[in-house]
Amino acid sequence: MSTRLDIDWRNWKPIPGNVFDSSPQEVAPFIVGCMLLFDGIGGIIVETEAYDQTDPASHSYRGCTPGNRSMFGPPAHAYVYRSYGVHWCLNFVCGPEGYGSAVLIRAIEPIVGLEKMQQRRGLQDPRLLCSGPGRLTQALGISGQHDGLPLDQHPFVLLQPPVPQSIATGPRIGINKAVEKPWRYGLAGSKFLSRPFPRRPG
DNA sequence: TAACCGATTAGCT
DNA sequence: GCTAATCGGTTAA
């Protein structure tokens, strides 16, 4: 059983590398709705968060260290870090080189390679495969050895949809500082979010 | 000791 | 169907 069989992939195009020269607050909403494949397996990005060096919640806030050096490297590269000792989390480095900014990939809708993802995750439910930053790296087989890899070549593939997506925003998840920054972006109503977006007052 | 989390459990609609 | 609370676990400050 698969999803999104209605999509015509012929109209999807590679994401230009210079997209990642922009700020993480611009890149994060842009890549929501884009297709992410790693070694031929993946799906549609449905949730992201922006981080930059001025942000107390960012790994780059206190400058470059051995653990976060990829964040200060060239844009359009991966920053993969270990979270809570056990999980891996995938970020896309953006902004001018040395700026220390990145976009955290928080959730994808699994499309390609369902069986492999289910095997790696040890469960069947598509909604639990990639709905969380640690879950999606396990499903795609991404770990610390992939830190620093360029996003515009194998094993990465990034495609943008022919039509821009409608993006919801909200506060980021799992942080205690700069909680008020609405730097979480996603497809509101998607069943593959790590958590739903708060309903806007109105 | 705090951190960009996941799995499980308990309780709600 | 959903949300909140708890706890294990490694790293770096």
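All values below were derived from every heavy atom in this structure, side-chain atoms included, with hydrogens, water molecules and symmetry-related copies excluded. Naming: A, B, ... by sequence-line order, numbering from 1 per chain.
In this structure, A:Gln138 atom CD and C:dG9 atom C1' are separated by 15 Å, rounded to whole Å. Rounding to whole angstrom units, CZ of residue A:Arg195 and P of C:dT3 are separated by 9 Å. As rounded to whole Å, 17 Å separates atom C1' of C:dA13 from atom OH of A:Tyr81.
The residue A:Ile175 sits close only to the backbone: its heavy atoms come under 4.0 Å of sugar-phosphate atoms, none of a base. Within 4.0 Å (heavy atoms only), A:Arg106 reaches sugar-phosphate atoms of the nucleic acid but no base atom. Residue A:Thr65 is in sugar-phosphate contact alone, with no base atom involved, counting any heavy-atom pair closer than 4.0 Å across all strands shown. The residue A:Arg135 sits close only to the backbone: its heavy atoms come under 4.0 Å of sugar-phosphate atoms, none of a base. Residue A:Arg184 is classed as having no contact, given no heavy-atom separation below 4.0 Å to the nucleic acid. At a threshold of 4.0 angstrom between heavy atoms, the contacts of A:Pro66 with the nucleic acid are absent.
Ion pairing between A:Asp55 and A:Arg172 holds under the 4.0 Å rule for side-chain N and carboxylate O.
Remark: DNA chain C forms stems of 3 or more consecutive Watson-Crick or G-U wobble pairs, all pair distances under 3.5 Å, at B:1-3 with C:10-12, B:5-12 with C:1-8.
Atom SG of residue A:Cys64 and atom NE2 of residue A:His59 lie 13.5 Å apart, to the nearest 0.5 angstrom.
Under the ring pair (Phe, Tyr, Trp, His ring centres under 6.0 Å) criterion, the residue pairs touching residues 155-176 of chain A are A:Phe38-A:Phe156, with sequence neighbours excluded.
At distances below 3.5 Å, at least one donor-acceptor pair connects side-chain atoms of A:Gln165 with backbone N or O atoms of A:Val163. In this structure, A:Arg121 contributes its side chain and A:Met117 its backbone to no donor-acceptor pair below 3.5 Å. A:Arg106 places no side-chain N or O within donor-acceptor distance of the main-chain N or O of A:Glu49, the cut-off being under 3.5 Å.
A nucleotide of DNA chain B counts as in contact with chain A when one of its atoms lies under 4.0 Å from a heavy atom; the first and last such, 5' to 3', are B:dA3 to B:dA7.
When each of A:Arg121 and A:Ser60 is assigned the nucleotide of DNA chain B with its nearest heavy atom, A:Ser60 is the one assigned upstream, toward the 5' end.
Nearest heavy-atom pair across A:Phe197 and A:Ala168 is CE2-O, 3.8 Å. Contact record, A:Thr137 with A:Leu90: CG2-N, 3.8 Å, taken as the closest heavy-atom pair.
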* To do: Check the pair A:Arg127 / A:Asp125 against salt bridge (Lys or Arg N to Asp or Glu O under 4.0 Å), numbers first and verdict last.
  => CA-CA 5 Å; A:Arg127 290 183 50 169; A:Asp125 186 349; 5.5 Å; no
